[in-house]
2 protein chains.
Amino acid sequence: MSTRRAPTLEDVAARAGVSRATVSRVVNADPRVRATAREAVSRAVTELGYRPNRAARALVKRAPDSVAVVVPETDQRVFSDPVIMEMLRGISEGLEETPLQMVLVLGRAGRDTDRLERWLRGGHTDGAIVLSAHLDDGVTSALSEIGLPTVMIGRPPGPEQGLPFVDLDNVDGGRQATDRLVARGCRRIGTVAGPVDMAASRDRLAGWRESLDAAGLADDAVEHGDFSSEGGRLAMRRLLAAHRDLDGVFVASDLMAAAAVSELQAAGRAVPGDVAVVGYDDSPAAQLTVPRLTTVANPGDRMAREATVMLRELLAGRPVSSRVLPTHLVEGGTA
Amino acid sequence: MSTRRAPTLEDVAARAGVSRATVSRVVNADPRVRATAREAVSRAVTELGYRPNRAARALVKRAPDSVAVVVPETDQRVFSDPVIMEMLRGISEGLEETPLQMVLVLGRAGRDTDRLERWLRGGHTDGAIVLSAHLDDGVTSALSEIGLPTVMIGRPPGPEQGLPFVDLDNVDGGRQATDRLVARGCRRIGTVAGPVDMAASRDRLAGWRESLDAAGLADDAVEHGDFSSEGGRLAMRRLLAAHRDLDGVFVASDLMAAAAVSELQAAGRAVPGDVAVVGYDDSPAAQLTVPRLTTVANPGDRMAREATVMLRELLAGRPVSSRVLPTHLVEGGTA
DNA sequence: CCGCGTCGTGAGAGCGCTCTCACGTACTGT
DNA sequence: ACAGTACGTGAGAGCGCTCTCACGACGCGG
C-alpha cells in the first residue's frame, strides 16, 4: 500500500527545526550539541521512526563494515557442527564491540568453489574469516589473490597461501592425550586418527607418535576414521582386530571416541579397565559415554575470537602473523 | 603502506576512454553497448582491479540487500546446534539466487536482548529471520514494533506478536511417533517431553496425548527433560521409577532419546523388546544408538527455506501468513 | 532529400549521509 | 572594557554509483 519513503535526516531536521548536521550529531552521539536541541531531535526521530540509512553512511565513511565468515559446508555426517557453532559464537563475540557485521557465506566444499570465489571477488565485504581449512584450495588461493584481508581458522592443509591463520596446538594436544595413556601404564597404544587430508588430523597423529617415541613404545597401531561416529566405530573395530593386545587408544575426535568406547565395550573390553581411551574436542559428545570421556580441549570459540583480533589488525592495515594456541587435557573417566 | 584509493567507476571510465555511464552499463551487463566499448571497459576493469562499491550501489537502488538471521545463543548444553546449522544452510540456499546477504546476529537469550534490540532498530538490514523462538519476547516484540519485515522459524511461544512464522507440525509429529508405539502393541506409553516453555515441546506432548486418548490409553506418564543428553537420562530414570510397567516411550528429541535408550539398557530393559522408543529430530544422534533410533523427521532446512520464501514476499511488500509443514516418521530399530 | 525512429553514448542530477569549515554567541581572562 | 577562546550550529561539498534525459549518428521509408 503506502510505499512512503523512509524518513531521512533531512526530514528529521525539518521536524526538529535544526539542520541536517545537528541531527547527524545527535544520531552519532556527538557530545557538542545543546541539550534542548538534542531532545528536539530525539523526539523527532522517534516520532518519524527514523532509521539511518546504512548504505549512505557506509558510502561516506569508508570504514570497513562487514566481514564474510566463510563456512565450508561440512558434510552432514561429519557432525563437526557443534564446533562450527562454537566458532561462530566466538566470532560474534569478537566482533561485538566493533561495527562489523558478520556475513555468513556457506558453501558445499568443492561444489560451490566457483560461486564462492565470484562472491568473494564481488567486494561485498571488507574482510573474511574462513572456518576450517577443509576447503579446496580454490577459495583460499582466490582469497589471497584478491587481496581481501583474510584470516583462516585452523591451519590450512597443503602449502600455505600466505594467509595468516589461528590454530590450536594439535600436535601438543595429541601428545598430551598420549602422554596420559603412557602415564597410566598403557604399553600398547593405538590411535584412531582423522582424515589424512586435514591438518588437524595429521598434527594430532604426529603428537601421538612423538609421545610414543619419547616413551619408547611402538607407534604402528594406526587406523583412520572420517570423524563420524560410524567411521570411528569401524576404525576401532579394525584397530582391535589388528592389535588384540591394545590397552590404550587415542581417538582424534570425541564423536569417534564415543563410538569407539561402545565398540570396545561391545567387544567385552572394560573402559578404562582393559583399554583406556582419550578423545579429542571436549564436545558434548564427550559426556554421552559412560564413563565420561577423558578428552582434549579444543576451544573453537577461543580460536575464533583470536581470529577476529587478527582480522581487525589486518583491516587497520597492520600485518599479522599466524598464531598457535595451547590446549590441555580434560579429565574424564576413560583414561 | 600504500593506502591507494580503490579504483572507482570514474577511473575505469578515464582509462577506457568512455563515460561513467557506459562503464556502469558494462558492469551491469546492459546489452546496449557497442562491442568495442564493452571490451575496452572490461579490459580497464581487470587492469585496474575495479570492484564496484556496494554501499554506493545500495544507496541509489533502494533494493533490499541483506537480512539479519537472529540466532538466540543456545545454551551450550542444549546441543540443538546441528539443527541450527541445518537451518542456516537452508537459509543460505534459499537466499542463494538473490542478492541478499545473510548477516548473522547471535545473542545469548535473555542477557543480550537489549543489545539485540538496539541493533535491530539500527536498520542494518532490510529484514530478519529469527531462529527458534526460545528468545524472550523482548526481541520479537521489538521486531514487530519496528516494522522490520520478519519471519520466525518455529512458532513463537506465548501470544503471537503478529509476526508470521514457519513451523513443522510438531503436534502431528508427536502423534505419529506415538501412533507407531500404539501400533506395535505398546499399552503403557510414557513420554520424555521437552522444556515447558518451548512451543515445539508443548506441541509434541499434545500430539502424544492425542494419540493415547484416541487409543484409549493412559496419558499420565510424563517427565520433562531439557533437550540435553543428561536431562534425557535423568528424565528417563524418573519415568521408569514411576512407571515400572512402561513398554513404550516417546522422547521429544534424539539426543534425549539416545540417553534414554542407554538408560533403559542399563536398567536391564531390552530396546525395543521390553520398551520401544521413538525419538524426534532425525539428527545424527539418532544413528549413535544400537539399534538406530526410530525417530521423527524435523527438517530444519526445509523450514528455513520456506522462511526465505516468505521473507522475500514480505520484502516485496506482499503480505504472508504463517505456514505449518508436515512431518513423517523415520524408520529405525527402536520401535 | 527530409523526417522519423533507433541506437549508443555522455552529462548531470541525485541517493542519504558525514565532515570540514566558517560563523555566530557566550564565556573567560586581563 | 576588549580580545581571545570555547562551543554549538548551519551550509555545503562530496562519497561512488545508477538512471533519466538529451543528443548525435545512423538507417529507413516516403
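Below, chain A is the first sequence line, B the second, and so on; all start at residue 1.
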Worksheet item: Roughly, in whole Å, what's the span from CZ in B:Arg34 to C1' in D:dC26?
Response: 11 Å

Worksheet item: Quick check: does any side chain N or O of A:Asn28 sit under 3.5 Å from a backbone N or O of A:Ser24, one acting as donor and the other as acceptor?
Response: yes

Discussion item. Give me the atom names and distance for the closest heavy-atom approach of B:Leu311 to B:Pro149.
Written reply: CD1-O, 3.6 Å

Practice prompt. Could you check which of C:dC17, D:dC17, C:dT9 has an atom nearest any side-chain atom of B:Tyr50?
Written response: D:dC17

Worksheet item: Taking atom P of C:dC7 as reference, at what distance in whole Å does atom CZ of B:Arg38 sit?
Response: 14 Å

Worksheet item: Do any N or O atoms from the side chain of B:Gln101 and from the backbone of A:Val103 form a donor-acceptor pair under 3.5 angstrom?
Response: no

Discussion item. So B:Ala37, base contact, sugar-phosphate only, or nothing? Heavy-atom distance under 4.0 Å.
Written reply: sugar-phosphate

What pairs of nitrogen or oxygen atoms, one from the protein and one from nucleotides 19-21 of chain C, lie under 3.5 Å apart?
none

Worksheet item: In whole Å, what is the span from the CG atom of A:Leu59 to the C1' atom of C:dC15?
Response: 9 Å

Worksheet item: Thinking salt bridges, do B:Asp65 and B:Arg57 make one under a 4.0 Å N-O criterion?
Response: no

Discussion item. With a 4.0 Å limit, can you tell me whether A:Asn28 has a side-chain N or O closer than that to the phosphate oxygens OP1/OP2 of C:dT18?
Written reply: yes

Fill in: Whichever of A:Ala55 and B:Gly17 has its nearest DNA chain C nucleotide further upstream toward 5'
B:Gly17

Worksheet item: For B:Ser19 and C:dG10, is the shortest distance between a side-chain N/O and OP1 or OP2 below 4.0 Å?
Response: yes

Worksheet item: B:Thr150 side chain to B:Leu148 main-chain N or O, any donor-acceptor pair under 3.5 Å?
Response: yes

Fill in: Residue A:Val33, side-chain heavy atoms: nucleotide from D:dG16, D:dG10, D:dT9 that is nearest
D:dT9

Discussion item. Please report the distance, rounded to the nearest Å, between CD in B:Glu39 and P in C:dG8.
Written reply: 15 Å

Worksheet item: Quick one: A:Arg57 CZ to C:dG16 C1', roughly how many Å, whole number?
Response: 10 Å

Worksheet item: Does any N or O in the side chain of A:Arg38 come within less than 3.5 Å of the main-chain N or O of A:Pro31, such that one atom is a donor and the other an acceptor?
Response: yes

Item to complete: Have a look at A:Pro64 and tell me which of A:Thr125, A:Thr98, A:Asp126 forms a side chain to side chain contact (heavy atoms under 4.5 Å, CB included) with it.
Response: A:Asp126

Discussion item. Without decimals, in angstroms, what is the distance between B:Arg54 CZ and D:dC15 P?
Written reply: 21 Å

Discussion item. Tell me the interatomic distance from A:Arg62, atom CZ, to D:dG14, atom C1', rounded to whole angstroms.
Written reply: 10 Å

Discussion item. Rounded to whole Å, how long is the line connecting atom CG of B:Asp65 with atom P of D:dC17?
Written reply: 15 Å

